[in-house]
Amino acid sequence: MSEISFYSLANPHIQNITPYQPGKPIEEVERELGIPSVIKLASNENPLGPSPLALASAQKALLKAHMYPDGGCYEIKQALAAFLNVAPTQLTIGNGSENILELITKAYLTKNSAAVVSQYAFLTIQLLISSYAAEMITVKAHEFGHDVKAMIAAINEKTRIVFVVNPNNPTGTCLSADEIKLVLDSVAPSVLIVIDEAYHEYIEHTDDLNLISLLKTYPNLLITRTFSKAYGLAGLRLGYAISSPEIADILNRARLPFNVNSIAAAACVAALEDQEHIQKSLAVNKHGMQQLEDAFKSMKINYIPSFCNFITIDTQKNALEIYQKLLYQGVIVRPLNAYGMPTYLRITIGTLAENEKLIRALYEVMK
């Protein structure tokens with residue numbers, strides 16, 4: 001009997017996908033290289049960690065870990081609805097915003113449809129489009145960000161979704177409200193406009209980009225957010241979508257039961273109540289961003305101005321080699337070869353001490 005190839009039995013569009021490569025864990029680097037006190041500035045995590053209120057709530061929820069979570073996510077929906085001033089029926093809760101993006105793709109894309117994305121948009125979105133065998137229309141970036149006019153022009157009769165990551169990961173650029181309104185005003189009402197706002201909290205003037213107020217005018221608008229970044233709960237995985245009730249109803253039909261665990265839901269409800277922790281986190285990020293920008297200017301390293309909790313630099317060298325050298329200095333960052341940016345590194349803003357360690361290490365390896 002000939003040997004069975006389960007690779008060849010898989011759907012062709014899955015065979016052709018390059019798996020997503022997350023940032024290396026601290027434990028892996030310390031184990032492999034034998035280096036203590038490694039810092040991770042690779043995955044855009046909050047260096048202050050979660051709110052103490054969120055931790056206490058998560059610990060309390062653990063006492064009921066033997067019970068299934070609330071499949072309807074009632075408590076977190078009520079808390080978010082009050083916080084965002086929307087109806088609970090406008091919310092979809094997921095296991096991180098990536099889960100939400102997958103629900104959107106699952107619900108609205110087929111092999112006979114298309115989606116428009118920007119060249120340097122969050123790589124997971126491209127993986128999702130490919131996973132459902134839909135046509136991916138990739139539009140060349142403008143100054144490392146979304147070229148909205150080119151994206152509008154790229155829409156064809158098969159287009160069901162336009163994905164916009166704002167602020168953008170991994171380049172940190174940010175569209176204005178007017179640019180987003182231009183997209184909304186220019187597309188057919190049957191085309192979904194999905195705005196991934198994972199880094200929304202880091203925009204200094206969030207009132208200028210409060211897209212939730214546009215939902216009544218544009219029923220094809222869908223906004224995704226997460227508790228993984230500013231709220232410091234990346235390990236618990238909870239994200240959400242804000243949309244019209246009709247879209248939310250469809251996404252909830254596509255959602256598998258119990259996709260959000262009870263510990264995550266409890267922690268996120270408490271985290272919403274601790275906006276003081278968010279303000280502390282934003283202050284650390286602002287000071288850290290200035291610290292790194294000043295250092296990069298002093299070292300004559302070009303960087304892309306960022307609206308997020310990370311900053312992307314151009315090493316003007318093989319970034320993978322710089323990345324490897326930084327590992328031996330006990331610093332984990334993120335090379336961007338997967339985005340077609342072979343000389344660029346994305347660096348998360350850490351504490352002042354972590355940033356200083358990164359600066360010293362970068363100075364050594366860039367000599």
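Minimum interatomic distance between Val139 and Val116 (heavy atoms only, all atoms of both residues): CG2-CG1, 3.8 Å. Counting all heavy atoms, side chain and backbone alike, Asn259 lies closest to Gly94 at ND2-CA, 3.4 Å. Ile35 and Glu30 make their closest contact through O-CG, 3.0 Å (heavy atoms, listed as atom of the first residue, atom of the second, distance). Closest approach of Ile195 to Ile180, counting heavy atoms only: CD1-CG2, 4.2 Å. Scanning both residues, Asn355 and Gly350, for their nearest heavy atoms gives OD1-N, 2.8 Å.
Side-chain atoms of Arg334 and Ile347, non-hydrogen and from C-beta on, never get closer than 4.5 Å to each other. A 4.5 Å side-chain heavy-atom check between Phe296 and Leu362 finds at least one atom pair inside the cut-off. Taking 4.5 Å as the limit, some side-chain heavy atom of Leu109 sits within range of a side-chain heavy atom of Ile161. A heavy-atom distance below 4.5 Å is found between the side chains of Val284 and Pro47. Within the 4.5 Å cutoff, no side-chain heavy atoms of Leu192 are placed close to those of Val162. In this structure, Val194 and Ile223 have side chains that are not in contact, with every pair of non-hydrogen atoms separated by 4.5 Å or more. Side-chain atoms of Met136 and Val117, non-hydrogen and from C-beta on, do get closer than 4.5 Å to each other. Side-chain contact between Leu238 and Leu233 is absent, with no heavy atoms from C-beta onward closer than 4.5 Å.
Put simply, the side chain of Asp147 never gets that close to the backbone of Ala141: no donor and acceptor are under 3.5 Å apart. The main-chain N or O of Leu123 is found under 3.5 Å from a side-chain atom of Tyr339 such that the two form a donor-acceptor pair. With hydrogens and angles ignored, the 3.5 Å screen pairs a side-chain donor or acceptor of Glu354 with a backbone N or O of Thr351. With hydrogens and angles disregarded, a donor-acceptor distance shorter than 3.5 Å links the side chain of Gln90 to the backbone of Ala87. Distance alone, capped at 3.5 Å, places no donor-acceptor pair between the Ser118 side chain and the Ala121 backbone. The backbone N or O of His287 lies less than 3.5 Å from no partner atom in the side chain of Asn285, so there is not a single donor-acceptor pair. Here the side chain of Asp249 pairs no donor or acceptor atom with the backbone of Pro245 at under 3.5 angstrom. Panel note: side chain Lys158, backbone Glu135; no donor-acceptor pair is recorded below 3.5 Å. Of the possible polar contacts, none joining the Gln78 side chain to the Glu75 backbone as a donor-acceptor pair under 3.5 Å is found. Of the possible donor and acceptor atoms, none in the side chain of Ser243 sits under 3.5 Å from a partner among the backbone N and O of Ile247.
Between Cys268 atom SG and Ile76 atom CD1 the span is 5.0 Å, to the nearest 0.5 Å. To the nearest 0.5 Å, the span separating CD1 on Ile14 from CG on Leu127 amounts to 9.5 Å. With values rounded to the nearest 0.5 angstrom, Ile203 atom CD1 is found 6.0 Å from Asn166 atom CG. Atoms OG and CD, from Ser97 and Glu197 in turn, are 11.0 Å apart once rounded to the nearest 0.5 Å. Residue Leu292 holds its CG atom at 10.5 Å from CE of Met299, rounded to the nearest 0.5 Å. Atoms CZ and CG, on Arg225 and Leu80 in that order, are 9.5 Å from each other to the nearest 0.5 Å.
Transitive grouping of hydrophobic side chains (ILVMFWY, heavy atoms separated by less than 4.5 Å) keeps Leu352 and Leu48 in distinct clusters. One hydrophobic cluster, built from ILVMFWY side chains closer than 4.5 Å, holds both Ile242 and Leu214. Residue Ile129 is not grouped with residue Tyr132 when hydrophobic side chains (ILVMFWY) are merged at heavy-atom distances under 4.5 angstrom, including chains of intermediate members. A continuous path of hydrophobic side-chain contacts links Ile322 to Val333 [ILVMFWY only; heavy atoms under 4.5 Å]. Hydrophobic clustering of Ile, Leu, Val, Met, Phe, Trp and Tyr side chains at less than 4.5 Å, counting indirect connections, keeps Tyr202 apart from Phe307.
Look at Glu201 and Lys229 and you find no salt bridge, because none of the NZ, NE, NH1 or NH2 atoms lies under 4.0 Å from a carboxylate O. By the 4.0 Å N-to-carboxylate-O rule, Lys24 lies close enough to Glu28 to be salt-bridged with it.
The environment of CD in Glu32 is crowded: more than 12 heavy-atom neighbours from other residues, nucleotides or ligands sit within 6.0 Å. Within a 6.0 Å radius of NZ in Lys317, more than 12 heavy atoms belonging to other residues, nucleotides or ligands are found. For Lys181, the NZ atom sits in a loose shell: 12 or fewer heavy atoms of surrounding residues, nucleotides or ligands are nearer than 6.0 Å. Around the OH atom of Tyr328, the shell of radius 6.0 Å holds no more than 12 heavy atoms that belong to other residues, nucleotides or ligands. More than 12 heavy atoms of other shown residues, nucleotides or ligands fall within 6.0 angstrom of atom CD in Gln15. Shown here is Asn85, whose CG atom has no more than 12 heavy atoms of other residues, nucleotides or ligands within 6.0 Å.
In this structure, Phe227 and Tyr240 have tilted ring planes: the angle between them lies in the 30° to 60° band.
Listed by first and then second residue, the side chain to side chain donor-acceptor pair (under 3.5 Å) pairs involving residues 61-73 amount to none (not counting sequence neighbours).
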Pair Ile93-Arg255, side-chain contact (heavy atoms from CB on, under 4.5 Å): steps then yes or no: CA-CA 9 Å; Ile93 312 299; Arg255 185 174 63 90; 5.8 Å; no
task: Check step by step if side chain to side chain donor-acceptor pair (under 3.5 Å) holds for Arg346 and Asn169.
output: CA-CA 9 Å; Arg346 190 190 67 192; Asn169 174 28; 2.7 Å; yes
- prompt: So Met366 and Lys325, side-chain contact (heavy atoms from CB on, under 4.5 Å) or not? Walk me through it.
  reply: CA-CA 9 Å; Met366 291 287 286; Lys325 290 178 180 179; over 6 Å; no
message: Assess the residue pair Asp294 and Gln290 against the criterion (side chain to side chain donor-acceptor pair (under 3.5 Å)); give the C-alpha distance rounded to whole Å, side-chain angles, the decisive distance to 0.1 Å, and a yes or no.
response: CA-CA 6 Å; Asp294 290 345; Gln290 189 64 58; 2.9 Å; yes
message: Between Thr92 and Leu103, is the side-chain contact (heavy atoms from CB on, under 4.5 Å) condition met? List the steps.
response: CA-CA 10 Å; Thr92 308; Leu103 293 179; 4.2 Å; yes
- request: Starting from the C-alpha separation in whole Å, work towards a yes-or-no answer on side chain to side chain donor-acceptor pair (under 3.5 Å) for Ser228 and Arg237.
  value: CA-CA 7 Å; Ser228 295; Arg237 314 303 299 128; 2.9 Å; yes
- prompt: Does the pair Phe144 and Tyr344 meet the rule for a ring-ring contact (aromatic ring centres under 6.0 Å, His included), with working shown?
  reply: CA-CA 12 Å; Phe144 299 101; Tyr344 288 82; 5.6 Å; yes
message: Go through it in stages, so that I can follow the logic: the residues are Asn46 and Asn309, the test is side-chain contact (heavy atoms from CB on, under 4.5 Å), and I'd like the CA-CA distance, side-chain angles, deciding distance and then a yes or no.
response: CA-CA 8 Å; Asn46 184 337; Asn309 66 337; 5.9 Å; no
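Asn168 and Tyr199 share no donor-acceptor pair across their side chains, judged by distance under 3.5 Å alone. Looking only at atom types and distance, the side chain of Ser213 has no donor-acceptor partner in the side chain of Asn210 under 3.5 Å away.
The side-chain hydrogen bond (donor to acceptor under 3.5 Å, both in side chains) with Thr343 is formed by just one residue from the set Thr315, Asp314, Asn318; it is Asp314.
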